[in-house]
Amino acid sequence: MPETPLRAAILPVTPFQQNCSLVWCTATMRGALVDPGGDLGKLKAGVAKAGVTLEKILLTHGHADHCGQAGMLAAELDLPIEGPHEDDRFWIARLEDDGPRFGIDTKVFEPSRWLTDGDTVSFGEIVLDVLHCPGHTPGHVVFVHGPTRFAFVGDVLFQGSIGRTDFPMGNHQDLIDAITQKLWPLGDDITFVPGHGPTSTFGRERQSNPFVGDAALARA
Ligand SMILES: [Zn+2]
Ligand SMILES: [Zn+2]
């Protein structure tokens with residue numbers, strides 16, 4: 001693999017152990033936090049330990065465990081927020097109703113930039129591709145770094161499972177379509193960080209995932 005300057009550290013936050021990722025460019029030591037849902041003290045300590053200068057906040061979707069404290073962090077550190085897709089506007093609007101129910105202190109915010117399929121986001125010398133993958137929420141996006149074969153998929157796909165679709169505006173078929181038509185074509189060798197739980201690869205999930213594995217889909 002060619003030497004590429006992307007590094008990532010996973011920092012689980014909130015009572016849901018949501019996988020916030022600190023991602024950075026080793027050439028410039030500039031980076032971003034993907035889904036800083038809560039535990040901002042822990043996140044700021046992680047950023048300081050890595051020696052990273054934050055450029056922005058990236059969001060996969062509008063659920064409280066992923067973005068409940070993104071607005072607070074953005075205001076405190078004067079950072080732009082990029083993502084999710086605007087179809088998650090209603091989730092962000094209800095953060096202050098949802099947060100207390102989940103034990104997360106939350107604040108509503110307006111992203112600096114809504115994202116759509118085919119966009120790119122950048123920090124330092126790193127450029128990530130944006131894929132709109134609705135189903136878990138209508139405005140869910142996934143971030144992909146082709147050169148290192150790495151993706152941040154939020155609550156679209158997990159090791160051995162897929163995202164819930166029983167929320168308002170959730171859609172099971174949209175989720176299956178997004179995974180099989182947008183993620184699988186990227187290649188079996190893509191390693192992904194899910195929103196919760198351990199990392200896996202697309203190839204491993206195609207072999208064994210009971211919801212979107214090749215065998216499961218052949219039976220459907
Ligand atoms: Zn979610
Ligand atoms: Zn989640």
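Only heavy atoms go into these numbers, but all of them, side chains included; no hydrogens, no water, no symmetry mates. We count ligands from 1, going down the list as the structure has it; atoms in each ligand are counted the same way.
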- Message: Does any part of the side chain of I92, heavy atoms only, come nearer than 4.5 Å to the side chain of P84, both counted from C-beta?
- Response: yes
- Specify which N/O/S atom of H61 comes nearest to the Zn ion (ligand 1), by atom name. NE2
- Please confirm if an N, O or S atom belonging to H140, backbone or side chain, lies less than 2.8 Å from the Zn ion (ligand 1). no
- Query: Less than 4.0 Å between a side-chain N and a carboxylate O, is that true for D188 and R204?
  - Reply: no
- Item | Residues T137 and D88: side-chain donor-acceptor under 3.5 angstrom | yes
- Rounded to 10°, how big is the angle at the Zn ion (ligand 2) from D65 OD2 to H196 NE2? 80°
- Query: Closer than 2.8 Å to the Zn ion (ligand 2), do we get an N, O or S atom from H63, backbone or side chain?
  - Reply: no
- Distance-only donor-acceptor check, side chains D155 and H196, under 3.5 Å: yes
- Query: Should the ring pair H140 and H61 be called parallel, tilted or perpendicular, given that the plane angle runs from 0 to 90° and is split at 30 and 60?
  - Reply: parallel
- Note on the structure: Checking distances from the Zn ion (ligand 2), one finds that the N, O or S atom of D155 closest to it is OD2
